[in-house]
Structure formats: C-alpha cells, structure tokens
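Let me begin by presenting the structure, written as structure tokens, before commenting on it.
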Amino acid sequence: MAGGGGRVIRVLNVAEKPSVAKAVSGILSKNQPGGMRVRDGRSRYNKIFEFNYTIRNQPCQMLFTSVTGHLMELEFDERYRKWHSCDPLDLYNAPVRKFVPEDKLDIKRTLEAEVRSCQWIVLWLDCDREGENIAFEVLDVCRQANHNLNVWRARFSALIDREIHQSVQTLVQPNQLFSDAVDVRQEIDLRIGASFTRFQTMLLRGAFVLDFATDDRNIVLSYGPCQFPTLGFVVERYWEIQAHEPEEFWTINCTHNSDEGTATFNWMRGHLFDYTCGVTIYEMCIQEPIATVTKVKQQEKLKYPPHPLSTIELEKRASRYFRMSSEQTMKVAEDLYQNGFISYPRTETDSFSEKTDLRTMVQEQEGHPVWGIYAQRLLDPQSGLWRNPSGGGHDDKAHPPIHPTKFSAGETRWSQDHHRVYELVVRHFLACVSQPAVGAETIVEIDIAGESFSACGRVILAKNYLDVYRFESWGGSVIPTYSFGQQFTPTTLTLDSGVTRPPPLLSEADLLGCMDKAGIGTDATMHDHIKKLLDRFYAIKDSNTRFSPTKLGEALVMGYDDMGYELWKPYLRAMMECDMKAVSIGTKRKVEVLETCLQQMKACFSDARTNKGKLLEAMAIFFERSNRSSGGEQQAVGDVVRRCGLCLESDMVLRQKPDGNFMVGCLGYPQCRNVVWLPGSVSEASVTENTCTSCSPGPVFKIQFKFRRLEIPPNYSVQHLGCIGGCDDILRQLVEICGTGSRNNSNTSGRGRGNPTASSSAQRGNSRAQSSCAYCRQTGHLSNDCPSQASRGRTARAQEVDNGESSIPCNSCGAPCILRTANTANNRGRKFFSCQSQECNFFVWEDNLNGGRAERANTSASTSSGRGGRGRGRGRGQSGAHSSNVSFVSATGEPITGRCFICGDPGHFANVCPRRG
DNA sequence: GCAAGGTC
C-alpha cells in the first residue's frame, strides 16, 4: 500500500462528525513528535487537527477534519420543485440531482481547500451503509478539487486505541455497493414521499374543513415510507381496541390460610367462556373440596440485569420510567453527550467490546452521594457483585453502548430531565456490570376433585443489581410450607366471573418496539417519525403517554385501507430494506432495483389516484365538506398542452370544470392565472400527440374537439383538431359564436349562443352557479337545504325491507325514488326514498325532506333533462354501479359502496359498527 | 410546502 520511508506525504482524513475526528486524532497523535495542533476550518463546528503519523513506514503529515453527517441532499430539478409545476405522477421520472446545500457549503470549501495540498485521503466515516454513502459524497467533492488523490477507507469498530491503530494500518477501498444501496433508498423515499404528499395534500386540504388547524390552507398532509407505517401501528391498535367485544369468562379460585400465611391457588385451566361448563366443574369441586398436594417444586430463580444501553432502549426506558418523549430524551442525551457526560447517544450497540475498561468507568462514579457506595461495592472483590456484562447481540460497529464518560453529581445548569437521563445512563451501566438478583421460588400444585390448581411463592435472596437499578422491581410473596401428599380444606373456593379486556393503546415504548421490529427508521430517526405524527396532526399522545390516531390520521389510513393498499403497513419499507441489502451485497444492481421499485410505486400511485374516492369517502366520515372551491388535486390533473407562456414555470393543462366546460389552465394557479377558455359547445376534448407547427414557444399539443351539433352553426364540423396557441381561426370563431364557460363572459355568451334550449347553457350562468348547492352541486337549492345532507356524517344507513307505494323524482337522475322502510339497528322503521335506477344510488331519509320536497321535486324535474350524460361523468361512474353491498350516499351525493372494516358486514360502516362500542 | 438519513 504505502511506499517505504523517504518523502513525507500529506493525508486528509475525514470523519462523519467532529467528535470522531477529535477522538481519532487524539489516539493517533499520542506519543507522536510534535503532538497535535488544532486550527479552525471555514465551518465553526468542524475543526482541523494536525499531527504526524506513520502508515506502513510512510511518514505522513495528517490533517484530520470532519463533516456533519450527509454532505449532500437529493432533490428534484428546479423545474419540478414547485408543487404545481407538474403532475405528481411525473415525480417518478423527473430528473433528480445531488447537491451540497447552503448550510454545508462551508464544510465543502474546507474540504476543497485542504485536499488540494494532499496526496492521500482517508475516509473515517461510520462503518454502516449511510457512512459509506457519505464517504462517496466527500470523495465527490474532494476529487473535483484534486484529481490525483490516492483514496483509502478506514474501517473501525470502536474508538479505542488498538482498533484505531490497526485500522489505519490496514486501510481498504470504499465500498461502492454499500453506497449504492443508500442512493436507492434516497431516491425512492424522495419520489414516493413527494408524490403522495403533494397528491393527498392537494386532494384533501381544501375539500374538507380541517377543524384542528387554525389555518388549514397551510397544512401539509405528508406521506412517507416511515411515518405512515408508524401511523399504521397506532391506528391498527386503536381499531383493535374498538373492535374488541368484551366476553364474559369463568374461573375457579382457591385460597388457603394457615399459621404461616395465605396461599392463593390459580386454576390451571385458566378460565372458561362456557358458564355451564364452569358451574359443572365448580360443583364437582364443592362436593369434594379436600385438596391434596401433588407437587412441591423449589428452585433458584435469577433475574438478570438489562443489556448495555442502546438508543432505542434508552428511549423506551426514559418513556417508561419518566414519561419522557423519545424526542425529548434524545435532545437531552445529545446535550449530555456534547458536554462530555455520556457517550455517543445514537447507537444500536448493546454489548461492550472486551477491551473496554469498564472498571475505570465504575471507579469514576465512586464519589457520587447516592450510588457512589454501590460503585465502591462493585469494585470490591469481596462483595462478589461484579459480573462481566452480557451482550444483546447488536453491534453497529461504530459506537459503544451508551455509558457515562464523566462523573457528575449534578450540574447547576441541568434541567430535571438532564438529571433523569444521566441517572438512567449511570444506573443502567452499573446494573449491567452487576450480578443478577437471586430468588428462591416455590411452586405448589394441588388437586381438588380432579382439577389442578397451583400457587407460587418467591423469596428474594440477593437483590444485587436491583439495589442500584431502582427502576425495576421483583415482586415476591411468601406462601406457607407444603409437603407432597399433604391434604387440607381450602379456606375459600369460589367461581368468579370476569370479562376480557381490549389491549391498551400503544405507549411510546410499544411504538418504538413495533418500529424496531419492523425495521421502520433507524435508532437516530425513530423519535423523529413519532414526533412527525404529532406535528402533522395524525396522532395525539394522551396524559398517560399513549398514542391514539386523530380523525385525520384514522381517515387517511382508512382511505388507503379501503383502496386495498397496504401503504400504511410496514411491508413496503421491509421490501425496500430487503432490496437495499441485495444491492449492498451485489446480488441486485442499483439501477434494476430502482427501476422495478419505482415502476411498481408509480403504478400504485396512479391506481391510488384513480381510487381517490376512497380517501374522500373516508375523510367525509370525519370531516365536514368545505365550501371552498377546492379539490385542487382533482382539478390539477390534466394532460399537458404546452408550457405556460406567462409564468414560464408551469405547464398548461386541459381540464374539465365541474360545470362541464373545458379550459386550458396553468398549473401554477393561483400564482399564475393564465387560462385559455374554450367554446361552451365542446362536449369532448382530449390532448393529442400532434404539435402545432406555427405556434411558439413550442411544443403546443393539438386538442381533438367534439362539439355539440345543436350548439354550433351548421357549416362547422362536429370534429375538430384544434390548437390553442392562437393560430386556430375556427376555435376563435366558435368562442365568439358560442361563448365560453368562463364566469366573466357567461352572460354575454349566453346571449350569443342563440340556442336557449341547450341544456348546458342553463347551468353555466353566473347567477345560477351561485345558487347551486355546495355539496351535491345541483341547482335549485343551497347546501343548508341539500337533501343529500341527510346522510352526511354517515348516520343514515338503511337496508330496504319493503316496497313502498310513494315515490318522488330522483334528485340525481330523475328516475322515480321509491319510499322504503329501514331495517337497521339504528334506524329500524325509518322511511327513506331510494332511486329505482340501476345506474343511480340516490338515497334520502323521508323525515329530512320536510317542506323542501316540492321544491326538490321541481328542481329534479327541471334539471333532470339538462344533466344528461355529462352530469353523470363527474365521478359518478366509478362507484355508481349497483353491487351486492348495500349502498349509501356520501356528502357529495355520490353513492358509496363498501363494508365495515371492523366486522366485515356490508350493511354499515365502521363508524356505526355495533362492535365499536 | 413534500421523504428519510446523517448531525450541529
């Protein structure tokens, strides 16, 4: 590797964080002539250490600096950065680039400046996949500044002298495959996260009144491959609790008092759900109540101290013992680390290296007023209290378990949480080098009329580690002495009932456990994902530090669940993790994994968007519809016609407005209001692949139009391939003749149309638009009078049981609605109208019609002819077909079909499920 | 204004 002797070379060493640069420099510079010098770089945190060292006989002048985690970020090209700049689906193919963000430029400049004078670079990044990726980021920057670099990677598993010296003498090459795996993760996370976040935010934010937010216009409904499964755990448990049906059970209890005390015997059958069975056995016991001792077993039991402390355990225990949030725990731990009191707090490692000098660490604690005496006992060989710690089998190869690094009896600037975390770290450390607690356990089994019962007694012989680990206890109870074959009459023998209980809501420790098990997040990020749920209003933490979903969190999960997707389950992440592993060991190639995964996710995204009705339905269960003109996402999607010539940033897309009219609008709306209105007589329009040869800037894609025959003059053709770039005379003439669907010219266009009987014109006028219902969008009534509101909030659920004689015209399609009687638990006997048409699922409670019936009937009559096929096109088609399930009407007036996710019954939804309690 | 991953 190195040349022998002679010329001194300069070596730039780079660590992942300042603390490692300092620690490694300290180790390598020890006993070196000239010692270690420190100077500032451009970044105030990342110092540069200088010392001399010899690597395999090559004298080196070492420069040692650091980065702070990733040096680069992945982002979409500028063109796709703005939310309205493109269809979110495009984010699966949009070009991405890696760049050094503003706040890391100082570090980049330091590296560039220092590497120019060096011949070698040694990468001391953490020895995990992320570390390897950061190594390549550093390399990228350094190679651009110095093309003739000799590149080396140092592999070390702990910051201890022997390891460090050994690793610098056995330098290796950086591992491209490890880095590739991280590239894959980054790109997938970015594309999935951004596309789904934009999609669901734009779809739902304006469409519902999000009553938890002061200004819901700024709220972001984010989606991420880690945050959503985390939410999924919370929702799943919540549903499990709601679905729980308490069940009564029966059990036989037996106690026996003697001079020595009381023994409680448990029935070895546990409990029975069958009362008759329970009573029968109980009666048998009562008739022959003499108990015979069939077994007496005495044994020594050990209760072991915990494994050395990893990050997750620290978070879990601080939550359990002090009710601290994982986020706060990490904040405090970071501060203690920065000030030298504890070791690096982000580690998976839960076993100490054999070389660690544990006794010196214990020694440091001997002077503590509370646990100092315990530390002294530990070091006293006479006490026999010492035990080499057992490992939990995890090792991140970069950091030791969390342990105290400096003695403190408490600092004045410390908060209560600082005291708690430091105390936990120290006591935990002292506990894991201690002997386990020892107990003597006695198990006694008895027989009464052929039924077996058992009792357990425990005496603690030596508390050992429990003396210092005050957070744990070991309950013990003394029972009288029994001998084999002994007979006695029980003091009590009772048949008791109980009911099964649902599991509790997830605690923070539970949640961390779920995430850890499913591989969601890393030790350094788990608390971030939990906090994100709270910040995004997806979940709340109650006073008992247990998590439950908010309405928003539940609705989102329910929406995706109803689609049949498991986007809220941990499987996606697990699959990604599996693929990353394959990339890192070279069994799969980076490009192939990226391509496959993104292709699948793109299809999934596309599919989810087609099924967005499910998300809307789920949201409608929990939230009021908003009156704001929204459904931003619904309107935002359309085929691109051209680049916007006004803002020059976004695309212009062809859209059909809710009233049926077509327009070409800029996706930059509302920042950019560029719009081209199309003739009101267009019945169909679609963007083709033909481009206009005369309009610029191009390309301007031509649109295939179909006009309504009766609304255009006879000398114009019904079919027309047109251009909106300004060159198309026919289109311009038809706009003049027929008008457009815009609000501004609707009155004049109405006049110019010359065909007052045309159905579309009746709905297009501004005055009519204002009097249309905000919920069902029909004219003739306002939202406060909307008949479909009867079923909003999912309180109206009906199953028809008889054919009625009365009927009204359907408010939706005009067909007759027949009066029927409901037969559900909540609404038995209540009358409702339901549409007869096979195509329509309109439904309204009779008692909600009140005085509005006549008006509704008129409205229906007048609009039914006008709505025709076009009205139906607005989203009715996808869920309008009759199914074997019972159908309902949502807040929008659209039919919903489905079934309860709790019990599976197609007759109702989960919010009214009787099992929900 | 979107993700998750480093770390200050």
Side-chain angles (χ1 to χ4, degrees), chain A residues 15-22 41 43-47 66-76 80-86 88 91 94 96 98 100-101 103-104 106-107 125-126 128-138 179 181-203 205 215-230 311 330-331 333-335 337-339 344-347 396 398-399 515 519-529 531-532 535-536 567 572-573 576-577 580 601 605 632-633 671:
Chain A
E16 190 163 319
K17 41 196 160 271
S19 61
V20 172
K22 189 178 176 186
S43 148
R44 58 184 276 235
Y45 300 109
N46 306 83
K47 309 277 184 206
S66 54
V67 288
T68 46
H70 277 286
L71 185 58
M72 297 182 169
E73 279 178 14
L74 188 70
E75 250 305 356
F76 293 110
Y80 297 87
R81 297 278 273 273
K82 292 209 165 134
W83 278 38
H84 290 279
S85 66
C86 66
L91 296 177
V96 287
K98 253 189 159 185
V100 179
D103 62 337
K104 298 284 174 77
D106 279 342
I107 298 177
L125 288 307
D126 290 358
D128 52 24
R129 288 197 298 235
E130 295 294 333
E132 213 64 27
N133 191 262
I134 300 171
F136 280 89
E137 292 174 356
V138 169
S179 175
V182 173
D183 285 342
V184 169
R185 177 196 59 70
Q186 287 179 341
E187 195 171 328
I188 293 173
D189 283 347
L190 176 66
R191 293 187 191 276
I192 295 176
S195 58
F196 273 94
T197 299
R198 289 184 192 182
F199 157 67
Q200 65 185 28
T201 303
M202 293 194 283
L203 174 69
R205 182 170 57 189
D215 182 5
D216 63 14
R217 284 161 210 263
N218 291 328
I219 209 163
V220 171
L221 306 182
S222 63
Y223 175 89
C226 284
Q227 53 179 275
F228 246 59
T230 307
T311 303
M330 290 312 288
K331 215 150 111 188
E334 178 67 27
D335 194 54
Y337 161 68
Q338 292 294 334
N339 288 287
Y344 188 71
R346 286 178 285 273
T347 178
D396 62 16
H399 309 283
M515 294 169 75
I520 301 298
T522 67
D523 48 5
T525 61
M526 279 176 175
H527 66 274
D528 282 336
H529 300 312
K531 183 167 181 288
K532 189 151 274 175
D535 291 345
R536 296 283 192 218
L567 288 168
L572 172 64
R573 198 67 187 171
M576 281 170 62
E577 186 57 39
M580 275 172 69
M601 283 312 296
F605 178 80
E633 200 276 338
Q671 283 77 29

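All chains are named by letter (A, B, ...) in the order of the sequence lines, taking the proteins before the strands, and each is independently numbered beginning at 1.
At the heavy-atom level, A:Gln186 lies under 4.0 Å from base atoms of the strands shown. Counting non-hydrogen atoms under 4.0 angstrom, A:Gly131 reaches nothing in the nucleic acid. Nucleic acid contact class of A:Phe196 (heavy atoms, under 4.0 Å, all strands): none. Base engagement by A:Glu75 is indicated by at least one non-hydrogen atom pair under 4.0 Å involving a base atom. Here A:Arg185 lies in heavy-atom contact (under 4.0 Å) with a base. Counting non-hydrogen atoms under 4.0 angstrom, A:Asp126 reaches the backbone sugars and phosphates but no base. Residue-level contact check: A:Leu74 touches the bases, meaning some heavy atom is under 4.0 Å from a base atom. Residue contacts for A:Arg573: at a heavy-atom cut-off of 4.0 Å it reaches the sugar-phosphate backbone alone, with no base atom in range. Nucleic acid contact for A:Tyr344: sugar-phosphate only, since backbone atoms but no base atoms lie under 4.0 Å from a heavy atom of the residue.
A salt bridge does not link A:Glu75 with A:Arg191: none of the charged nitrogens is closer than 4.0 Å to a carboxylate oxygen.
Comparing A:Arg536 and A:Asp523 by the nucleotide of DNA chain B that holds the closest heavy atom to each, the one mapping nearer the 5' end is A:Arg536. Of the two residues contacting DNA chain B, namely A:Tyr337 and A:Glu187, the nearest-nucleotide position lying further toward the 5' end is that of A:Glu187.
A side-chain donor from one of A:Gln227 and A:Ser222 sits under 3.5 Å from a side-chain acceptor of the other. Using a 3.5 Å distance cut-off with no hydrogens or angles, the side chains of A:Ser43 and A:Asp106 do not pair a donor with an acceptor.
Partners of A:Arg346 according to the salt bridge (charged side-chain N to carboxylate O under 4.0 Å, His left out) rule, which considers only residues two or more places apart in sequence or in another chain, are A:Glu334. Residues forming a ring pair (Phe, Tyr, Trp, His ring centres under 6.0 Å) with A:Phe76 (at least two apart in sequence, or on another chain): none.
Both the sub-6.0 Å distance and the 45° axial angle are satisfied by A:Lys17 relative to the ring of A:Tyr344.
Remark: side-chain polar atoms of A:Tyr223 are not paired, donor with acceptor, to backbone N or O of A:Phe199 under 3.5 angstrom.
In 5' to 3' order, the nucleotides of DNA chain B bounding all contacts with chain A (an atom under 4.0 Å from a heavy atom) are B:dG1 to B:dC8.
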